[in-house]
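Scroll down for the structure; my scribbles are underneath it.
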Amino acid sequence: MKHPARIFKEAIMHLFKKPATCGYPFEKAKVMPNFRGRIDFDSSKCIGCQMCVRVCPAKAIEIKLSAEQPPAPAPVEGQPAAPVKKKFDCIMKLDRCVYCWQCAETCPKKALIMTQDFELAHVDRKELRRHYK
Amino acid sequence: MSKITIPLGPQHPALKEPENFMLVLEGEQISGATVNLGYNHRGMEKAAEERTYIQNLYLIERVCGICSHSHTTCYITNVEEIAKAETPKRALAIRALFGELERVHSHLLWLGVAAYEMGFETLFMYTWRDREQVLDCLEMLSGNRVHYSINTIGGVRRDISAEQKAEVLKRIAYLEERTKYYVKIGTEESTILARTQNVGKLPYDVAIQRGAVGPTARASGVARDVRKDEPYLIYNELDFKVITHDTCDVFGRLVVRVLELVESYKMIKQILNGLPEGPIAVKVPMRLPAGEAVNHYEAPRGEDIHYLKANGTDKPDRVKVRAPTMANLQSVAYMMEGGWLADAPLVIAAIDPCMSCTDRAAVWDPKKGKTTVYGWEELRKMGIEHYKRRGVDFSRL
């Protein structure tokens, strides 16, 4: 059965409704608790196993030795010298990252921290290469 | 009347995707159409050979934005088949849930696009606003709106809590209400009827002959659905109907998709209410034994086929993707013949094309540094020679 202008009533009703969109740059965007954002790095936990580098589908992570290494602990008499914990840096290329969080889920020491940071746009490309120390 | 050939595309012939249709026109009527692909080749299959199985998950997900879950689920079924992994029941149920949520969002998107092509922008606005509800469900459960990345080898990455379940059910109830309204609009509104009835005819036998899949085939009366024909995940435990329609035109495709939405809501409720308890993932080693696997999956657009060959390392030897649009494109050329030029965008949009998924093959000679197009005869010769080297002779066929 044909009814012309069947949607007319619905369209008129919508004139008196609130907008379905949110005015994002002017009001805060609502982020779901599960949302996958930027990955942060905790240098004190990293053991340099390179697991995150191996699973990253976008080749966005580099883990390398820090320029400054912590001093070796003072040797205790009669005991073998304790191994020195090396310090690692993380270079995260935000322009390559696809924000899948596979690295953070693979990390055995939870050195990669999941954040919900999403406002990462930048006019300078160099700023997208974050060096976490 | 003299014939004239005009190109439709590659700039946005129907959807915002590049493909080219050469239409032979007699006046305003189309008397012949050829489809040209290859504007969007991204070399994904080759790239997949250089990545590990877990990295490929995120690559394969990007074959298509709208059916991202379909492609990964199909790929991961192959991986798990070769690895002989026992995926937990709860993980399979969550995958099926995502599959259905994805179907809902894809069909609502299509309904909006089709309404837009008809010049019925009011409906386009309402369907896309309602689609936000299901996208919010997906974001809440997985973390992202489009690339959910819920699959991992051996299971899924995130569990579903009781609050999430209640929230999804609430939103699905709202969508059910709205879909009832769209069924009414779709079958009664004279704008839609005038634009879709008897447009883009694809009779039953032609649909079979040209290998149409998904809603395009079902609208021609072909009851073909992988979920029923060869149930995967947990579809054999769910109660649903295969929707078919016998008008064989764009109107039939619209009705099939809208009624499939209703079936999907039914399935989502069944899955959520009977979610099995247990772990959500098992550990699978990084290296897979050598082997081959082929699997198919009912994506929102039709049957999606993946082939995977493993060679004993942590990287695949070959990944082959046959996206549903590839199967449906043959029918588009038929559907446009005899129709009007003004209907061409709607007919193309009616198969819900996704050209980025489809573009796979290009021949590039690195020595000469140029691309070549092979004709049918040359391809046939190459194929016969290739199999001859492997000891199979096809030359007499």
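Note that the structure is a prediction, hence the values are computed from the model and not measured. Labels below follow one simple rule: chain letters A, B, ... track the order of the sequence lines, proteins then strands, and each chain is numbered from 1.
For the pair B/Arg129 and B/Glu132, the salt-bridge criterion is not met [side-chain N within less than 4.0 Å of a carboxylate O]. Ion pairing between B/Glu189 and B/Lys184 fails under the 4.0 Å rule for side-chain N and carboxylate O. Salt-bridge formation is detected for the pair B/Asp343/B/Arg195: a Lys NZ or Arg NE/NH1/NH2 atom is positioned less than 4.0 Å from an Asp or Glu carboxylate oxygen. In this structure, B/Arg178 pairs ionically with B/Asp130, as a charged nitrogen and a carboxylate oxygen lie closer than 4.0 Å. Between B/Lys46 and B/Glu50 there is no salt bridge, since no side-chain N of the basic residue sits under 4.0 Å from a carboxylate O of the acidic one.
Residue A/Met51 qualifies as open at atom CE: its count of foreign heavy atoms under 6.0 Å is 12 or below. Within a 6.0 Å sphere centred on OH of B/Tyr174, other residues, nucleotides and ligands contribute more than 12 heavy atoms. By the neighbour-count criterion of 12 heavy atoms within 6.0 Å, atom CE of B/Met125 is sparsely surrounded, having that number or fewer from other residues, nucleotides or ligands.
Checked by atom type and distance alone, the side chain of B/His69 pairs as donor or acceptor with a backbone atom of B/Arg95 at under 3.5 Å. The backbone N or O of A/Lys87 lies less than 3.5 Å from a partner atom in the side chain of A/Ser66, making a donor-acceptor pair.
Of the two parts of B/Leu141, only the backbone, made up of N, CA, C and O, holds a non-hydrogen atom closer than 4.5 Å to a non-hydrogen atom of chain A. Proximity to chain A (any heavy atom under 4.5 Å) is restricted, for B/Arg62, to the side chain, taken from C-beta onward. With a 4.5 Å cut-off on non-hydrogen atoms, A/Lys30 does not touch chain B at all. Proximity to chain A (any heavy atom under 4.5 Å) is shown, for B/Thr191, by neither the backbone nor the side chain. Looking at B/Tyr148, the atoms closer than 4.5 Å to chain A (heavy atoms on both sides) all sit in the backbone: N, CA, C or O. The part of A/Glu105 that comes within reach of chain B is its side chain, from C-beta onward, which places non-hydrogen atoms under 4.5 angstrom from that chain.
Residues from residues 125-133 of chain A never place a non-hydrogen atom less than 4.5 Å from a non-hydrogen atom of chain B.
Between chain B and the options A/Gly37, A/Ala58, A/Cys56, the largest number of non-hydrogen pairs under 4.5 Å is found for A/Cys56. Of the listed residues (B/Asn144, B/Leu59, B/Asp136, B/Asn56), the greatest number of heavy-atom pairs within a distance under 4.5 Å of chain A belongs to B/Asn144.
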